[in-house]
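Side chains included, hydrogens not; waters and symmetry mates left out as well; all remaining heavy atoms used. Along the sequence shown, the residues carry numbers beginning at 1.
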Amino acid sequence: MKQKVLKQASLPDALTAGLSERYDLLELARMSLADLAAIADEVTVVITNGEAVVTREFIASLPALKLIAVFGVGYDGVDVAAAHDRGVAVTHTPGVLTDDVADLAVGLLLATSRKIVAAQKFIEQDGWREGGFQWTRKVSGARLGIFGMGRIGQAIARRAQAFDMDIAWNGRRPDSSLPWRYIDDLRALAEWSDFLMVCVPGGAKTQGKVNQQILAALGPQGMLINISRGSVVDEAALIDALDRGAIAGAGLDVFADEPNVPAALQQRDNVVITPHMASATWETRREMSRLVLENVNAWFTGQPLITPVP
């Protein structure tokens, strides 16, 4: 008899198929509250994604729960403290998506600074026949400030070195093993930067950290790139800064209320937006799926979890 596993949020079809082959996969989206209550004592594993919310109340509603496996590196939607209180392990899928996220971060930096999307629209709207496109900003040799120097921040820094960028960073604490300059105040980092790259995890500790004061320090020639979580940036302050010309532009893969992207961030020549797609390549999503399956299998077979949350 297959073990029951509850799918709490959307997952790639291939991962859903892999889980279904191994386990009795139950989909929360197809269940009523009564259905959930009827199987609550049998569910030991929940699978969710990096954007979903797993509350203390939901965890408490599953008395047999022992593992929450997150398809994603971010797990700020999971009440990890509540899981810990009830003896529930949490896993995620770090490492395998680092390169893709770093690649898109650099892509957003280039697309924003060189206004690549606006330039395409310029041609499509027949603007070229009336004259040349507006001048843009140079990337090579510019100052890149990185807020958060974990795996992804470091991968971005390595890529930026190929553009001869001057790199500095801010995070929870300095790290003498890293070759880049540490600036111990985020506002000072923003003031120093031509481009401010946001790479920190989401959650209460980073909520709204990039606020009006940080954007003012970045200044009218500075650009913001965010590939972490929408919650880290005060979105209203960002829109206000763009409206007033307090910053030069922004490249955003994440937003405060996904998939709802404010109209005020759309149709701007100096803003490039993508739909939270940084890790969405076939290769990386396969690896993320593999890690989820390996973590679930490890739990059911009594082996150490592959990638538990820190």
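A donor-acceptor pair is defined here as one N or O able to donate and one able to accept, closer than 3.5 Å; no such pair exists between the side chain of Lys209 and the backbone of Val200. Using a distance-only test at 3.5 Å, with no hydrogens or angles considered, no donor-acceptor pair links the side chain of Thr284 to the main chain of Thr281. A donor-acceptor contact shorter than 3.5 Å is absent between the side chain of Gln3 and the backbone of Val45. Remark: the backbone N or O of Met277 is not paired with any side-chain donor or acceptor of Thr274 at under 3.5 angstrom. Without hydrogens or angle criteria, Asp100 side chain to Ala278 main chain gives no donor-acceptor distance under 3.5 Å.
The aromatic ring centroids of Trp169 and Tyr182 lie less than 6.0 Å from each other.
No side-chain N or O of Thr44 forms a donor-acceptor pair with one of Lys4 less than 3.5 Å apart.
Between Lys2 and Arg22 there is no side-chain heavy-atom pair separated by less than 4.5 Å. No side-chain heavy atom of His92 sits less than 4.5 Å from a side-chain heavy atom of Phe71. Considering only heavy atoms from C-beta on, Ile227 comes within 4.5 Å of Ile156 through its side chain. Ile59 is listed as a side-chain neighbour of Ile68, based on a closest heavy-atom distance under 4.5 Å. The closest side-chain heavy-atom distance from Tyr75 to Thr48 is not below 4.5 Å.
Surrounding CZ of Arg187 are at most 12 heavy atoms belonging to other residues, nucleotides or ligands under 6.0 Å away. Enclosure of atom CZ in Arg181 by more than 12 non-hydrogen atoms of other residues, nucleotides or ligands within 6.0 angstrom is indicated.
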Show which side-chain atoms of residues 291-301 pair as donor or acceptor with protein atoms under 3.5 Å away, not counting sequence neighbours.
residue : atom : partner : partner atom : Å
Glu294  : OE1  : Arg290  : NH1          : 3.1
Glu294  : OE2  : Arg290  : NH1          : 3.0
Asn295  : OD1  : Ile306  : N            : 2.8
Asn295  : OD1  : Thr307  : N            : 3.0
Asn295  : ND2  : Leu291  : O            : 3.0
Asn295  : ND2  : Thr307  : OG1          : 2.9
Thr301  : OG1  : Asn297  : O            : 2.7
Thr301  : OG1  : Ala298  : O            : 3.4

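Sorted pairs that involve residues 300-310 and meet salt bridge (charged side-chain N to carboxylate O under 4.0 Å, His left out), not counting sequence neighbours, are lacking altogether.
In terms of heavy atoms, Arg143 sits closest to Asp194 at N-OD2, 2.7 Å.
Listed by chain and number, the residues in a side-chain hydrogen bond (donor to acceptor under 3.5 Å, both in side chains) with Asp79 amount to none (sequence neighbours excluded).
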